Amino acid sequence: MRMLFSTPTRHTEFAADESGGMTVLGLFIFVWMLMLGGLALDFARGQNMVTLMQNTADSAAFAAMATRYDHPESTAKAEGVRIAALNMPADRFGTVLTDQDIEFGTWNGATREFTPLAGSMDAVRVRINRTDANNNALKTTLMRFVGIETFNLVQPATVASYNPACLREGFVADRIVDMQSGNTFTNGFCIHSN
């Protein structure tokens, strides 16, 4: 009597059959290529965003420091926030900079350390934020399929002032200072040439 069901011989033949094996291998390679492509695409977008954030942080820090010379700290912070909003508009990037993200303080050039100090006119530190806490983290494109939905990015910038008395009270030239007058200069007045 002949059996209608497969026999152990047929199972062995099926297991040994290699037809269609390249399809499974091709599927695995395709999935790996998607993962690598997603990583490359999202990493490139992240690097592009870091560059934009660094430029925005630098601009905001310079604006805050320049405003601080003859305005109160609150006005300088407002100017930094305004410049950041011009570089990274809130309707597209969310709120990337607030007054709390701007600190005035002192800068130690030897140790490269910033120390917060309210009321200081020596240095300013700005932090541009695209984070989940701010509800504006950078969304991934393909990395979300492996569980990484957003990148949290924080980009700082520190600007220290350099305003020696010579630049405020005196004559400064890039080349030769040539004066032809009978003026008298007293101690404290600076004449400087590069």
Side-chain angles (χ1 to χ4, degrees), residues 34-170 172 174 194:
L34 271 180
M35 289 172 57
L36 288 175
L39 180 63
L41 176 71
D42 288 329
F43 183 75
R45 283 184 66 234
Q47 285 302 110
N48 186 34
M49 184 53 59
V50 165
T51 301
L52 175 61
M53 290 172 65
Q54 185 64 60
N55 290 339
T56 302
D58 291 343
S59 298
F62 278 113
M65 193 76 247
T67 305
R68 183 69 181 104
Y69 282 126
D70 50 4
H71 291 87
E73 198 171 298
S74 59
T75 305
K77 286 183 177 185
E79 182 63 13
V81 170
R82 186 183 77 78
I83 294 298
L86 289 174
N87 284 288
M88 295 180 74
D91 59 341
R92 184 170 170 204
F93 299 102
T95 303
V96 296
L97 185 66
T98 63
D99 286 356
Q100 290 78 27
D101 301 321
I102 301 174
E103 297 176 292
F104 285 92
T106 59
W107 174 255
N108 185 332
T111 61
R112 303 188 57 79
E113 289 182 10
F114 177 84
T115 306
L117 179 65
S120 174
M121 295 177 69
D122 181 49
V124 64
R125 179 172 57 191
V126 170
R127 285 192 183 97
I128 300 293
N129 298 292
R130 287 208 63 188
T131 61
D132 289 327
N134 275 10
N135 294 321
N136 66 346
L138 181 64
K139 290 183 176 22
T140 59
T141 304
L142 295 175
M143 293 298 289
R144 67 181 60 203
F145 295 116
V146 292
I148 301 172
E149 296 196 15
T150 59
F151 291 138
N152 287 302
L153 304 171
V154 177
Q155 203 61 35
T158 302
V159 172
S161 67
Y162 178 71
N163 195 11
C166 200
L167 293 177
R168 290 184 310 236
E169 300 169 358
V172 178
D174 192 32
N194 289 332

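None of the values given here were measured: they were computed from a predicted structure.
Heavy atoms only, all atoms of each residue included: A60 and G80 are closest at CB-O, 3.4 Å. The shortest heavy-atom contact between A76 and F104 is CB-CZ, 3.6 Å. Looking at every heavy atom in both residues, I83 comes nearest to A63 through CG1-CB, 3.5 Å. Across N87 and S59, no two heavy atoms sit closer than the pair ND2-CB, 3.8 Å. What you find for K139 and R45 is that their closest heavy atoms are O-NH1, 2.8 Å. Here the closest non-hydrogen pair linking L138 and L153 is CD2-CD1, 4.0 Å.
By the side chain to side chain donor-acceptor pair (under 3.5 Å) test, E73 pairs with no residue at all, sequence neighbours left out. Legend: residues meeting side chain to side chain contact (heavy atoms under 4.5 Å, CB included) with A61, ordered by chain and number and at least two apart, are V124, V126, A157, V159. Scanning for side chain to side chain donor-acceptor pair (under 3.5 Å) contacts around Q47 gives an empty result, with sequence neighbours left out. Remark: T111 pairs with N108 by the side chain to side chain donor-acceptor pair (under 3.5 Å) rule, at least two apart or across chains. T98 meets the side chain to side chain contact (heavy atoms under 4.5 Å, CB included) test with T95, Q100, D101; sequence neighbours excluded. Taking A160 as the reference, W107, A123 meet the side chain to side chain contact (heavy atoms under 4.5 Å, CB included) condition, with sequence neighbours excluded. T140 meets the side chain to side chain contact (heavy atoms under 4.5 Å, CB included) test with D42, M143, R144, I148, F151; sequence neighbours excluded. Residues passing the side chain to side chain donor-acceptor pair (under 3.5 Å) test with N136: none are found, sequence neighbours excluded.
Judged purely by atom type and a 3.5 angstrom limit, D132 has no side-chain atom pairing as donor or acceptor with the backbone of A137. Looking at S161, its side chain does come within 3.5 Å of a backbone N or O of M121 through a donor-acceptor pair.
Using a 4.5 Å cut-off on side-chain heavy atoms (C-beta onward), R127 and E103 make contact.
Atoms CE and CD1, from M65 and I102 in turn, are 12.0 Å apart once rounded to the nearest 0.5 Å. Between the CE atom of M53 and the CZ atom of F93 there is a distance of 10.0 Å, given to the nearest 0.5 Å.
Pairs engaging residues 81-93 under the salt bridge (charged side-chain N to carboxylate O under 4.0 Å, His left out) rule: E79-R82 [sequence neighbours left out]. For residues 107-123, the set of pairs meeting the salt bridge (charged side-chain N to carboxylate O under 4.0 Å, His left out) definition, not counting sequence neighbours, is empty. Listed by first then second residue, pairs satisfying salt bridge (charged side-chain N to carboxylate O under 4.0 Å, His left out) with a partner in residues 58-70 number zero, not counting sequence neighbours.
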